[in-house]
Amino acid sequence: MAGATPTEGKHRILELFSGMGGMRYAAEEWAARAEGREVEVAEAFDISEVANTVYAHNFKHSPSVKSIVGLTAKGVDSLQAD
């Protein structure tokens, strides 16, 4: 997020234990009410197939089913989240 301050611009977030998308929903609502802010989910992670099905229905994006236990710093950095 070159040149942006914490109060402006696009924020790329990771959603760990994404469930049905409560954090994403809250982040998108926050951005919609805040002038000059935008939220993009770089990736969502959850191992629950049921939760992932609901998440995909709600947001038209299927979360990764990889366990976050195996995430490395390099892997997280590759997602380019803030």
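Note that the structure is predicted; figures quoted are calculated from it, not measured.
Through chains of ILVMFWY side-chain contacts below 4.5 Å, Val54 is grouped with Met20. Applying the 4.5 Å side-chain rule to ILVMFWY residues, one finds that Val69 remains a lone member of its cluster.
Under the side-chain contact (heavy atoms from CB on, under 4.5 Å) criterion, Val65 pairs with Asn52, sequence neighbours left out. Evaluation of the side-chain hydrogen bond (donor to acceptor under 3.5 Å, both in side chains) rule for Glu29 yields Arg33 as partners, not counting sequence neighbours. Judged as a side-chain hydrogen bond (donor to acceptor under 3.5 Å, both in side chains), and not counting sequence neighbours, Glu38 has no contacts. A search for salt bridge (Lys or Arg N to Asp or Glu O under 4.0 Å) contacts involving Glu40 returns Lys10, Arg12, not counting sequence neighbours. Checked against side-chain contact (heavy atoms from CB on, under 4.5 Å), Ala81 has the following partners two or more places apart in sequence or in another chain: Leu14, Ala42. For Phe59, the ring-ring contact (aromatic ring centres under 6.0 Å, His included) criterion is met by Tyr55, not counting sequence neighbours. Under the side-chain contact (heavy atoms from CB on, under 4.5 Å) criterion, Ser62 pairs with Ala56, not counting sequence neighbours.
Identified under the salt bridge (charged side-chain N to carboxylate O under 4.0 Å, His left out) test for residues 14-27, with sequence neighbours left out: Arg24-Glu28. Residue pairs meeting the ring pair (Phe, Tyr, Trp, His ring centres under 6.0 Å) criterion with at least one member in residues 60-82, sequence neighbours excluded, do not occur.
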Where do Phe17 and Ile68 land on the side chain to side chain contact (heavy atoms under 4.5 Å, CB included) test, with the steps shown first? CA-CA 9 Å; Phe17 310 103; Ile68 64 168; 3.3 Å; yes

Donor-acceptor contacts, no H, no angles, side chain residues 70-79, under 3.5 Å, sequence neighbours left out:
unit_1, atom_1, unit_2, atom_2, d
Thr72, OG1, Gly75, N, 3.0
Ser78, OG, Gly75, O, 2.6

